[in-house]
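Only one structure is covered here, and it is reproduced in the block below.
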Amino acid sequence: MSATRNVAVFVGSLRKASLNRKLANALIAMAPAPLKLTIHEIGDLPLYNQDFEADPPAAIIEFKKRLAAADAVLFITPEYNRSVPGALKNAIDVGSRPYGKSAWSGKPGAVISVSPGALGAFGANHALRQSLVFLDVPAMAQPEAYIGNAAALFDDKDALVNESTRAFMLKFLEAFAQWIERNAPR
Ligand SMILES: Cc1cc2nc3c(=O)[nH]c(=O)nc-3n(C[C@H](O)[C@H](O)[C@H](O)COP(=O)(O)O)c2cc1C
């Protein structure tokens, strides 16, 4: 069995009752070895401003330090206006600069998009993948995860009670574990 793989999880919604956060918490609880999932909070990051690159705020230094220490990255995001929510895009930008000092480079990644609507936030999923290409984050291609009608998947205690989604998410995590082993920086 491989050593623990620390996966930094980024949730694209900031609201307390977020469906994306509920799914993130479910995945944290069910992640198979060697994966260890941890949410890296993005809600308190300052908005990216190139003026502070030379002397970044402490929150950004800490965010980049924690990201640099992770073995892999997992994005769990809603779709806002057919694209990536601003808070998540900001986290991506903050972690990517200064130019040449990106903390994302080379980390194996995966994307899950979640929506109460029928389309499973497909637009956000693929808009995010566009940035990941430039960031040199090899993003797992299969299985794709567009989780639609998500409000119906959880019970009133936020447990993921939809059995087929749970089985699919386990399959997704097992594939991601293999993806990380194949793409981990040597
Ligand atoms: C600004 C905004 C834009 C939205 N645009 C979309 C959209 O393009 N596609 C979609 O499926 N849902 C859209 N929604 C609805 C979100 O999918 C819904 O609010 C969802 O619950 C957000 O994820 P969360 O539960 O993790 O907070 C939008 C919501 C907001 C607030």
Side-chain angles (χ1 to χ4, degrees), residues 6-31 35-49 59-60 63 66-67 70 72-96 104 107-135 137 139-173 175-176:
N6 289 302
V7 178
V9 178
F10 302 90
V11 177
S13 168
L14 304 184
R15 76 184 183 104
K16 282 198 197 77
S18 161
L19 296 165
N20 283 270
R21 186 171 285 265
K22 287 179 193 178
L23 186 68
N25 286 331
L27 298 193
I28 287 169
M30 68 194 274
L35 301 184
K36 182 176 190 304
L37 275 52
T38 310
I39 294 175
H40 289 214
E41 299 295 345
I42 62 172
D44 291 332
L45 287 173
L47 280 181
Y48 175 77
N49 179 339
I60 291 183
F63 178 79
R66 290 191 69 210
L67 170 55
V73 292
L74 172 62
F75 298 91
I76 305 179
T77 188
E79 176 174 273
Y80 282 0
N81 300 310
R82 294 284 181 261
S83 193
V84 178
L88 181 55
K89 183 60 166 57
N90 183 56
I92 286 169
D93 295 342
V94 160
S96 72
W104 301 102
K107 295 197 186 294
V111 179
I112 300 171
S113 55
V114 178
S115 173
L119 302 181
F122 175 90
N125 191 308
H126 282 260
L128 179 54
R129 287 173 186 274
Q130 183 174 333
S131 292
L132 298 183
V133 171
F134 182 68
L135 293 169
V137 169
M140 183 171 74
Q142 293 292 336
E144 299 158 279
Y146 313 108
I147 309 299
N149 302 311
L153 305 179
F154 302 92
D155 69 9
D156 57 3
K157 295 198 170 56
D158 299 341
L160 177 60
V161 288
N162 183 290
E163 280 312 317
S164 69
T165 303
R166 175 172 279 281
F168 173 60
M169 283 290 107
L170 185 57
K171 206 173 116 195
F172 183 95
L173 289 171
F176 189 34

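Counting convention: from 1, in listed order, for ligands and their atoms alike. As the structure is a computational prediction, the values presented were derived from the model and not from experiment.
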Considering heavy atoms of the protein only, find what lies nearest to [atom] and give residue, atom and distance to 0.1 Å.
| atom | value |
| --- | --- |
| atom 26 (O) of ligand 1 | S18 OG, 2.5 Å |
| atom 22 (C) of ligand 1 | P78 CB, 3.7 Å |
| atom 5 (N) of ligand 1 | N81 N, 2.8 Å |
| atom 31 (C) of ligand 1 | Y80 CE1, 3.9 Å |
| atom 17 (O) of ligand 1 | P116 CD, 3.3 Å |

S13 contact mode with ligand 1 (heavy-atom cut-off under 4.0 Å): side chain
Under 3.5 Å side-chain donor-acceptor pair for N125 and R129: yes
Smallest separation among heavy atoms of V111 and F172, with atom names: O-CZ, 3.7 Å
Best match, R15, R82, E79, K22: closest heavy atom to atom 6 (C) of ligand 1: E79
L153 vs I147 side-chain heavy atoms within contact, under 4.5 Å: yes
Pairwise side-chain contact, L23 with F154, heavy-atom cut-off 4.5 Å (strictly under): yes
Atom 11 (O) of ligand 1: any protein heavy atom closer than 4.0 Å: yes
Which of the ligand 1 atoms, numbered from 1, are nearer than 4.0 Å to a heavy atom of S115: 10 (C), 11 (O), 12 (N), 17 (O)
For N20, the ligand 1 atoms whose distance to one of its heavy atoms is below 4.0 Å: 23 (O), 24 (P), 26 (O)
Flag, side chain of S113 to backbone of G120, donor-acceptor distance under 3.5 Å: yes
Parallel, tilted or perpendicular: rings of F63 and F10 (30°, 60°): perpendicular
Min N/O separation A17 to ligand 1 under 3.5 Å: no
Test side-chain contact (heavy atoms from CB on, under 4.5 Å) applied to I42 and N90, L14, V11, the passing residue: L14
K22 NZ to D155 CG distance, which is reported to the nearest 0.5 Å: 9.0 Å
